[in-house]
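Accompanying notes for the structure given below.
Note: hydrogens, waters and symmetry copies are ignored here, and every other heavy atom, side chains too, is used.
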Amino acid sequence: MSFGKILKLSTSAAIPQIGLGTWLSKPHEVEHAVEYAVRAGYRHLDLAIVYDNQDEVGAALKKVVPSVAKREDLFMTSKVWNTAHRPEEVEKELDETLKQIGTDYLDLYLIHWPVAFSACNPPGSKKFPANPSKEGEVELDMSVSLVDTWKAMLALPKDKVRAVGVSNFTIEHIDAIYKATGSYPVVNQVEAHPLLPQDDLLEYCKSRGIHVTAYSPLGNNLVGRPKLTEEPTVVSIAEKLGATTAQVLVAWGVYRGYSVIPKSVQPERITSNFKQVQLSKEDYESISAIGKDNHTRFNIPYAYTPRWDINIFGETEEKAATHHVNLGA
C-alpha cells in the first residue's frame with residue numbers, strides 16, 4: 001500500500017504531504033472518515049478542539065491502532081482554541097485534546113488563530129463567548145498577545161508535543177513572535193488555493209524553514225460564487241489527466257511544496273483525494289492564472305456569525321473592524 005509522499009519539517013520529523021481534514025464534518029461522520037482514511041493509507045490527520053469531534057477521531061483510532069497503523073506511523077495535528085490563549089490555559093487545553101483523542105502526544109500543536117477570546121467558566125464551555133455590549137459579536141480579550149501565547153506553546157512538555165506552530169498567521173504575526181522569542185513556528189497552516197496563492201507568505205516561510213500546510217485547497221462556495229472545482233480550466237485539465245477536479249487542485253498545492261489537507265467524509269472522495277496526480281509546468285501555470293486579478297479569501301472571521309471584530313489579514317472586508325491583532329512586545 002502507498003502512503004504517499006513524505007516531506008521533512010525543520011525538526012527533521014516526517015509529515016505526509018496529503019492529510020485528512022476534519023473541519024465542518026457532521027456528528028458521527030468523522031469517526032467513519034478517519035477509520036476509512038487510515039485503512040486507505042492516510043497517515044496525516046488534521047484536528048482541532050473547536051471542531052467538536054476529536055472524541056470521534058479517538059473512537060476511530062481505537063479501531064485502527066495498532067492493527068492497521070502504529071501510533072508512531074501517524075502524524076496528528078491539533079490546535080489550541082481562542083478561549084485558551086492565556087498562558088496558564090494552553091497546557092490544560094492540550095491535556096483535554098490528548099484525552100479526547102486517546103493519545104499520549106501530538107506530532108504538532110498549533111495556535112489556531114492569532115486572536116484571543118475571553119475566558120469561559122468552566123474553561124472550554126463556550127467556544128464563542130458572546131460580547132455583552134455588542135449583540136452578534138464574540139467577546140475578544142485584547143489583553144493577551146501572540147507573544148504571550150507563543151511563549152506558552154514553546155514551554156509545552158516535549159513528551160506531549162513533538163513540535164509547535166501556528167495557523168492563519170501573516171508575515172507580520174510570525175515576525176512578532178520570532179523577534180520576542182528567537183523561535184519560528186515549525187508550521188504555518190493557512191488557507192491556500194489558486195484564488196489565494198499566498199505567494200509572499202510562502203516565500204517568507206520557505207526562507208525561514210517554516211513548513212506551510214494548506215487548508216481549504218479546493219476553495220469553497222461560502223460566498224455563493226462558482227466552486228473552484230467547477231472552473232473551466234480545472235475541469236479541462238482534470239479531463240485531460242483522467243483525474244477528478246479535486247485531485248487537480250490538490251496537485252496544484254503539492255506542486256508548490258505544501259502539505260495539503262482536503263476534507264471529505266465520503267469514502268470514494270477520501271480515496272481519490274489521496275491518489276496524487278502530476279501536473280506539468282504548463283498545467284500548473286494555467287491553474288495559477290485563475291487567481292490573477294481574482295484574489296479571494298473565503299475564511300474571514302470578521303464576516304462570521306457571530307462576528308469577530310478584528311482585522312487579521314488586512315483584507316478589504318476587514319477595514320471596518322475595531323481591533324487589530326495584539327502582537328505583544
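When hydrophobic clusters are built by joining Ile, Leu, Val, Met, Phe, Trp and Tyr residues whose side-chain heavy atoms come closer than 4.5 Å, directly or via intermediates, Tyr105 is not grouped with Leu45. One hydrophobic cluster, built from ILVMFWY side chains closer than 4.5 Å, cannot hold both Ile300 and Phe298; they sit in different ones.
With sequence neighbours excluded, no residue forms a salt bridge (Lys or Arg N to Asp or Glu O under 4.0 Å) with Glu139.
Checked by atom type and distance alone, the side chain of Asp309 pairs as donor or acceptor with a backbone atom of Thr322 at under 3.5 Å.
Comment: Asp283 engages Lys240 in a salt bridge, judged by a side-chain N to carboxylate O separation of less than 4.0 angstrom. Here Asp55 does not pair with Lys99 in a salt bridge; the nearest charged N to carboxylate O distance is not below 4.0 Å. Salt-bridge annotation for Asp141 and Arg86: present, with a side-chain N of the basic residue lying under 4.0 Å from a carboxylate O of the acidic one. Using a cut-off of 4.0 Å between Lys/Arg side-chain N and Asp/Glu carboxylate O, Glu91 and Lys160 are scored as salt-bridged. Salt bridge absent: Glu96 and Lys92 never bring a charged side-chain N and a carboxylate O closer than 4.0 Å.
Counting non-hydrogen atoms of neighbouring residues, nucleotides and ligands closer than 6.0 angstrom, the CG atom of Asp200 reaches no more than 12 such neighbours. Heavy-atom neighbours of Lys63 NZ from other residues, nucleotides or ligands within 6.0 Å: above the threshold of 12. The environment of CD in Glu135 is sparse: at most 12 heavy-atom neighbours from other residues, nucleotides or ligands sit within 6.0 Å. Within a 6.0 Å radius of CD in Glu282, no more than 12 heavy atoms belonging to other residues, nucleotides or ligands are found. Other residues, nucleotides and ligands place no more than 12 heavy atoms under 6.0 Å from the NE2 atom of His28. By the 6.0 Å contact criterion, CD on Glu172 is open, its count of non-hydrogen atoms from other residues, nucleotides or ligands being 12 or less.
A distance of 11.0 Å separates CD of Glu89 from OG1 of Thr149, quoted to the nearest 0.5 Å.
Between His173 and Leu327, the closest heavy-atom pair is CD2-CD2, 3.7 Å. Contact record, Pro262 with Gly19: CD-O, 3.4 Å, taken as the closest heavy-atom pair. Listed here is the closest heavy atom pair of Pro114 and Ile312: CG-CG2, 3.8 Å. Residue Gly209 comes nearest to Ser10 through the heavy atom pair O-CB, 3.5 Å, listed as atom of the first residue, atom of the second, then distance. Residue Pro16 comes nearest to His44 through the heavy atom pair O-ND1, 2.9 Å, listed as atom of the first residue, atom of the second, then distance. When all heavy atoms of Glu318 and Gly314 are compared, the closest pair comes out as OE1-N, 2.9 Å.
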Stepwise side chain to side chain contact (heavy atoms under 4.5 Å, CB included) test for Tyr42 and Ile18 = CA-CA 7 Å; Tyr42 283 77; Ile18 306 298; 4.2 Å; yes
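Side-chain contact of Tyr284 with Arg256: a donor-acceptor pair under 3.5 Å is present, judged by distance alone. Side chains of Ser259 and Thr213: a donor-acceptor N/O pair is present below 3.5 angstrom, by distance only.
For Trp150 and Tyr184, the ring centers sit 6.0 Å or farther from each other. Ring to ring, Trp308 and Phe117 are close: their centroids are under 6.0 angstrom apart. Taking the six-membered ring for Trp and the full ring otherwise, the centers of His211 and Tyr258 sit at least 6.0 Å from each other.
Within the cation-pi definition used here (under 6.0 Å to the ring centroid, within 45° of the axis), Arg269 does not qualify as a partner of Phe274. The cationic atom of Arg307 (NZ for Lys, CZ for Arg) lies less than 6.0 Å from the six-membered ring centre of Tyr302 and within 45° of the ring axis.
Evaluated for a ring-ring contact (aromatic ring centres under 6.0 Å, His included) with Phe128, the options Trp113, Trp81, Tyr304 yield exactly one hit, Trp81. Of the residues Gln278, Lys281, Glu285, the one that meets the side-chain contact (heavy atoms from CB on, under 4.5 Å) test with Tyr255 is Lys281.
Membership of the apolar cluster around Ile15 extends to Leu7, Leu9, Phe75, Leu108, Leu110, Val186, Val187, as traced through chained side-chain contacts below 4.5 Å between ILVMFWY residues.
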